[in-house]
Amino acid sequence: MKIAILTLATIAVTTHPAAAEDKYIDDRSDAAALVRSLYNAVNRKEYGRAWDYFGDQKPAKSFGKFVQGYADTARVDVVTGGISEEGAAGSTFFQVAVAIKATSKKGDESIFAGCYTARVANPQIQETPFTPLHLDKGALKPASPDVSLSDAVPASCGDGQPLPAGDPIRDQILAAFRTTYAATCQTLAPDAEPGAADPELHVLKYHYSYSPDSDEQEARLYKFNCGYGAYNSNEVYYLTDSIGGFRQLQFAEPELDIRFEDPDERTRLKSMTIIGYKATDQLVNSDYDETERSLTSFNKWRGIGDISSTGKWIFRNGDFALIHYEVDPTENGEIDGQPVLDFESAP
């Protein structure tokens, strides 16, 4: 993998007093020129051109909503700064530092700053139809009202570190997620919000407990939101290993025989026994704890949460192991789960 940081000798600024004076600019020669072309299209009200500067990950749920987003905008001035570049998985990714000043039709001005990510697949191996350099996404946030447009430009994007979109395995993991869950995950539906299927990334450094003096290992945990119900969400996880591979995580859960004093009321528990174990490919209402390096889930069996199951899986030796599981099976209006498995005190 080769990473290069390109610092522009001067910051490129596009400013004009009136939209009518904006000359047509359609330049894909580098990421900064592409961003300037995007806002040139916006200022000229050529929204179809602006929309198509983006690849599969469009900036709005629909073209109509994209156009509507500029309904109150008179013009946008843009400043671009440094560019970082990384080659990975047959593509080259660029991040460009950007600040924009949006002027409303009433004359109000707002400044936003952040980074755009652009991508191009290796032109030498592409066939027809050719896909040129395009924008993957942009992440701009409101800047301080006291800062000028030029001063709002981030010092850099990437800073020599791998770009999130350029992770060598990220594209493969995203493809695996899409292939497996295209028909079942709401975040992959055609009408899903842009970026809904983007993963959350956590980097885990570790040593094997049986070889504490060995070289430090690194794993990456990718969390994908799958969908949301009335009171539960579902998440899918992938984990990379130290030699460049990846796999989808499967989580051990106990299978229980639950019996009640009165099966019709289900308010008083008679017994709860583990009769086996099974694996699930999704967790419910789950979170990753950076400090403990653990995943936890809270599966509500009904909305008020008085019947539910909770689990905890801890990361050690390059994998996640179930160390705690409790269940609240009684429909009594109280949250009073009982542990059925507890190894939290284990070393």
A.B. asks: Determine the sole option in Thr80, Val96, Leu34 for which the side chain to side chain contact (heavy atoms under 4.5 Å, CB included) test with Tyr116 is passed.
C.D. replies: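 With Tyr116 as partner, Thr80, Val96, Leu34 yield a single side chain to side chain contact (heavy atoms under 4.5 Å, CB included), made by Val96.
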A.B. asks: Should Ile258 and Leu341 be regarded as members of a common hydrophobic cluster, given that ILVMFWY residues are connected when their side-chain heavy atoms come within less than 4.5 Å of each other, either directly or indirectly?
C.D. replies: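 Yes, Ile258 and Leu341 fall within the same hydrophobic cluster.
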A.B. asks: Less than 4.5 Å apart, side chain to side chain, heavy atoms only: is that true for Asp319 and Leu249?
C.D. replies: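 Result yes, sub-4.5 Å side-chain heavy-atom pair found.
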A.B. asks: So for atom CG, which belongs to Asp257, do other residues, nucleotides or ligands contribute more than 12 heavy atoms lying within a distance under 6.0 Å?
C.D. replies: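 More than 12 heavy atoms, drawn from other residues, nucleotides or ligands, come within 6.0 Å of this atom.
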A.B. asks: Would you check if Phe94 and Leu133 make a side-chain contact, meaning some heavy-atom pair closer than 4.5 Å?
C.D. replies: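 Phe94 reaches Leu133 side chain to side chain.
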A.B. asks: Checking Ile314 against Arg293 for the side-chain contact (heavy atoms from CB on, under 4.5 Å) test, could you report, in this order, the C-alpha distance in whole Å, the side-chain angles of both residues, the deciding distance, and whether it holds?
C.D. replies: CA-CA 6 Å; Ile314 195 168; Arg293 299 209 296 185; 5.6 Å; no
A.B. asks: Should Val284 and Val327 be counted in the same cluster of Ile, Leu, Val, Met, Phe, Trp and Tyr side chains packed under 4.5 Å apart?
C.D. replies: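 The answer is no; the residues belong to distinct hydrophobic clusters.
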A.B. asks: Going by atom types only, do Ser297 and Asn299 share a side-chain donor-acceptor pair under 3.5 Å?
C.D. replies: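 Absent: no donor and acceptor within the cut-off.
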A.B. asks: With a 4.5 Å heavy-atom cut-off, do Glu218 and Lys205 have their side chains touching?
C.D. replies: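 The answer is yes, as the side chains (C-beta and beyond) meet within the 4.5 Å cut-off.
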A.B. asks: Among side-chain atoms of Asn285 and Ser233, is any donor-acceptor pair under 3.5 angstrom?
C.D. replies: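 There is such a pair between these side chains.
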A.B. asks: Okay, side chain of Gln217, backbone of Asp215: is any donor-acceptor separation there less than 3.5 Å?
C.D. replies: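 Yes; at least one donor-acceptor contact below 3.5 Å.
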A.B. asks: Does the side chain of Tyr237 reach to within under 4.5 Å of the side chain of Ser286, using non-hydrogen atoms?
C.D. replies: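 SC-SC contact between Tyr237 and Ser286 confirmed.
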A.B. asks: Between Asp262 (side chain) and Thr267 (backbone), is there a donor-acceptor pair under 3.5 Å?
C.D. replies: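 No, Asp262 side chain to Thr267 backbone: no donor-acceptor pair under 3.5 Å.
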A.B. asks: Does any part of the side chain of Arg49, heavy atoms only, come nearer than 4.5 Å to the side chain of Tyr24, both counted from C-beta?
C.D. replies: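 Counting from C-beta outward, Tyr24 and Arg49 do come under 4.5 Å.
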A.B. asks: Tell me, do Phe93 and Asp136 make a side-chain contact under 4.5 Å, heavy atoms counted?
C.D. replies: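 Yes, their side chains come closer than 4.5 Å.
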A.B. asks: Taking atom CZ as the centre, does Arg28 end up with more than 12 heavy-atom neighbours from other residues, nucleotides or ligands that are less than 6.0 angstrom away?
C.D. replies: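 More than 12 within 6.0 Å, yes.
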A.B. asks: Looking only at the side chains, is there a donor atom on one of Asn43 and Tyr70 sitting less than 3.5 Å from an acceptor on the other?
C.D. replies: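 Short answer, no.
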A.B. asks: Tell me yes or no: between the side chains of Asp281 and Tyr181, is some donor less than 3.5 Å from an acceptor?
C.D. replies: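 Short answer, yes.
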A.B. asks: Answer with yes or no whether the hydrophobic clustering places Ile335 together with Tyr231; edges join I, L, V, M, F, W, Y residues whose side-chain heavy atoms lie under 4.5 Å apart.
C.D. replies: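 Looking at the clustering, Tyr231 is in a separate group from Ile335.
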A.B. asks: For the backbone of Phe251 and the side chain of Thr280, can you confirm whether one donor and one acceptor N or O come within less than 3.5 Å of each other?
C.D. replies: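 Between the backbone of Phe251 and the side chain of Thr280 there is no qualifying donor-acceptor contact (under 3.5 Å).
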A.B. asks: Is there a path from Phe320 to Tyr210 through hydrophobic residues (I, L, V, M, F, W, Y) whose side chains come within less than 4.5 Å of each other?
C.D. replies: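 Same hydrophobic cluster.
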A.B. asks: Within a reach of under 6.0 Å around CZ of Arg302, are more than 12 heavy atoms found that belong to other residues, nucleotides or ligands?
C.D. replies: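 Above 12, so yes.
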A.B. asks: Please determine whether residues Tyr288 and Phe298 belong to a single hydrophobic cluster, defined as Ile, Leu, Val, Met, Phe, Trp and Tyr linked transitively by side-chain heavy-atom distances below 4.5 Å.
C.D. replies: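 No, Tyr288 and Phe298 fall in different hydrophobic clusters.
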A.B. asks: Donor-acceptor pair, distance only, cut-off 3.5 Å: does the side chain of Glu235 make one with the backbone of Lys223?
C.D. replies: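 Checking the backbone N and O of Lys223 against the side chain of Glu235, no donor-acceptor pair under 3.5 Å is found.
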A.B. asks: Would you sort out whether Arg266 and Glu331 count as a salt bridge (Lys or Arg N to Asp or Glu O under 4.0 Å), showing the intermediate values?
C.D. replies: CA-CA 6 Å; Arg266 306 171 70 88; Glu331 301 176 7; 3.6 Å; yes
A.B. asks: Are Asp77 and Arg36 close enough for a salt bridge, meaning some N to O gap below 4.0 Å?
C.D. replies: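 Salt bridge flag = no for Arg36 with Asp77.
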A.B. asks: Using side chain to side chain donor-acceptor pair (under 3.5 Å) as the criterion, list what pairs up with Ser209, not counting sequence neighbours.
C.D. replies: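 Side chain to side chain donor-acceptor pair (under 3.5 Å) list for Ser209, sorted by chain: Asn317.
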A.B. asks: Less than 4.0 angstrom from a charged side-chain N to a carboxylate O is my criterion; do Asp289 and Lys312 meet it?
C.D. replies: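 Looking at Asp289 and Lys312, the cut-off is not met.
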A.B. asks: Would you indicate whether Lys65, at its atom NZ, is surrounded by more than 12 heavy atoms from other residues, nucleotides or ligands within a distance under 6.0 Å?
C.D. replies: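 No, not enclosed.
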A.B. asks: With a 4.5 Å heavy-atom cut-off, do Tyr53 and Val35 have their side chains touching?
C.D. replies: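 When only atoms from C-beta onward are counted, Val35 and Tyr53 do not touch, as no gap falls below 4.5 Å.
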